[in-house]
A.B. asks: 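This is the structure, below, for whatever I ask next.
The sequence lines fix the lettering, A, B, ..., with proteins before strands; numbering per chain opens at 1.
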Amino acid sequence: MNRSTRQSVRRVLTIFVLAAILGFGRNILFPGGVAFQSKEPAAGSTDSLALQIDLRTGYRLYRYGMTFIDARAVESFRAGHIPGALSLPAGESFQRKLMLADSLNPQQTYVIYCNDSSCPLGEEVYQFLQVAGFQSLHLMYEGFDGWKQAGYPVTAGGEN
Amino acid sequence: MAEQTAARPRDRFQLILSLIIGGVFIYAAVPKILTPQAFYLDILGYHLVGGFLAGTLAVWIPWLELLAAAGVIIGVWYLASLRILQGLLSVFTVLLFLTLLRGINTDCGCFGSAGGQVTWWHVFGDLVLLLITTFLISWTKFAGGQVGEEAPDGDAHTGASPGPSSPTGDTG
């Protein structure tokens, strides 16, 4: 390898390293980055997303086929919800919630939502599912109101 | 004088192509740097890698694009930057081609959310950019010295004749 080629290789590697430093630095220091875990999740998993996700990410997950969990009361669910979403009202009894969660797969990724960012029900359902052994959960903090406002698909009726 | 006159048309042409390539990659990189989560999902959509590797690519590739594009536009570490872009375009072209062959319906992730779903036009576009990049590399190497040799020290955009030393020391 001649001198010129060695220099070229060094410069390419330097740019590689600099890009890695900037990329991971941005990821650590600023919000909205990719969340890394110590254990590598299964291929196709979305476990490297941050716990709280925005609407756009939520919509991409929706198009990716992820299942959504509606933490609102059943009446609100029936009035309108994200297509394919499952109703798991935070206000239900613990036993009832356990029964509903029984139909879910703890290995699967779920996106939980409520009305909007001020609604605490999504966080409650998240805590419950974590205790129940679910590891791959995300909270779409802008909720159903934000989803509707953004013009994303909605449907009504049914419980699940 | 004759040397200077002969250098200018080549400089402008090289500069224009460099600006095009650099501009495209900066336009591609910025949205992905701003929303790495979205790019992460796009990577997952190709059903090739997942988890930690997908996350690493999502935070690393956009900055690689940005730095290499800046190098091409400014003319610093010009050849090295071009080679990185050439490598990226080669990988992207093959990846898009295989994705279409596999019948996977996914977003390109080329320009953040503006890229749209993968189509043969994306493959064609990447091939054109790859040709331009390869041409610029060959042109720069040929312009600086004998055919097949690395371009000597000098400003990447002036195509200056080889000299004993250069203030920038940039041979790419």
A.B. asks: Do other residues, nucleotides or ligands put more than 12 heavy atoms under 6.0 Å from B:Phe135 CZ?
C.D. replies: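 It does: B:Phe135 CZ has more than 12 such atoms within range.
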A.B. asks: State, yes or no, whether a side-chain contact exists between B:Phe39 and A:Val34 at a heavy-atom distance under 4.5 Å.
C.D. replies: no
A.B. asks: For a 4.5 angstrom cut-off between non-hydrogen side-chain atoms, does B:Pro36 reach A:Arg26?
C.D. replies: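 SC-SC contact between B:Pro36 and A:Arg26 confirmed.
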A.B. asks: In terms of hydrophobic clusters joined by side-chain contacts under 4.5 Å, are A:Val131 and A:Tyr110 together?
C.D. replies: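 Result: no, two separate clusters.
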A.B. asks: Spell out, yes or no, whether A:Met99 and A:Leu104 are grouped together once hydrophobic residues are joined by side-chain heavy atoms under 4.5 Å, including indirect joins.
C.D. replies: no
A.B. asks: Over all heavy atoms of both residues, which pair between B:Ala80 and A:Ser8 is shortest? Give the atoms and the distance, please.
C.D. replies: CB-O, 4.3 Å
A.B. asks: Hey, does B:Val59 have a side-chain heavy atom less than 4.5 Å from the side chain of A:Leu22?
C.D. replies: no
A.B. asks: If you measure from CD1 on B:Ile33 to CG on A:Asn27, what distance do you get to the nearest 0.5 Å?
C.D. replies: 12.0 Å
A.B. asks: Is there a side-chain contact between A:Arg60 and B:Asp42, using heavy atoms and a 4.5 Å cut-off?
C.D. replies: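 When only atoms from C-beta onward are counted, B:Asp42 and A:Arg60 do touch, with a gap below 4.5 Å.
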A.B. asks: Between B:Trp60 and A:Phe24, is the ring centre distance below 6.0 Å?
C.D. replies: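 No, the ring centres sit 6.0 Å or more apart.
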A.B. asks: Just do the side-chain contact (heavy atoms from CB on, under 4.5 Å) check on B:Trp63 and A:Ile21 with the steps written out, would you?
C.D. replies: CA-CA 9 Å; B:Trp63 283 99; A:Ile21 291 170; over 6 Å; no
A.B. asks: What part of A:Phe30 gets closer than 4.5 Å to chain B, counting heavy atoms only: side chain, backbone, both or neither?
C.D. replies: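 No part of A:Phe30 comes within 4.5 Å of chain B.
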A.B. asks: Of the listed residues (B:Leu34, B:Leu64, B:Ile61), which shares the most heavy-atom pairs with chain A below a 4.5 Å separation?
C.D. replies: B:Leu64
A.B. asks: Under 4.5 Å between side-chain heavy atoms, counting indirect links through other Ile/Leu/Val/Met/Phe/Trp/Tyr residues: same cluster for A:Phe144 and A:Tyr141 or not?
C.D. replies: no
A.B. asks: A side-chain contact here means heavy atoms from C-beta on lying under 4.5 Å apart; do A:Thr57 and B:Tyr40 qualify?
C.D. replies: no
A.B. asks: Are B:Leu136 and B:Leu67 connected, step by step, through hydrophobic side chains (Ile, Leu, Val, Met, Phe, Trp, Tyr) whose heavy atoms are closer than 4.5 Å?
C.D. replies: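 B:Leu136 and B:Leu67: one cluster.
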A.B. asks: Minimum heavy-atom separation for A:Ile15 to B:Ser81, with atom names?
C.D. replies: CD1-OG, 3.9 Å
A.B. asks: Hey, quick one: are B:Leu98 and B:Leu130 part of the same hydrophobic cluster, counting side-chain heavy atoms closer than 4.5 Å, chains of contacts allowed?
C.D. replies: no
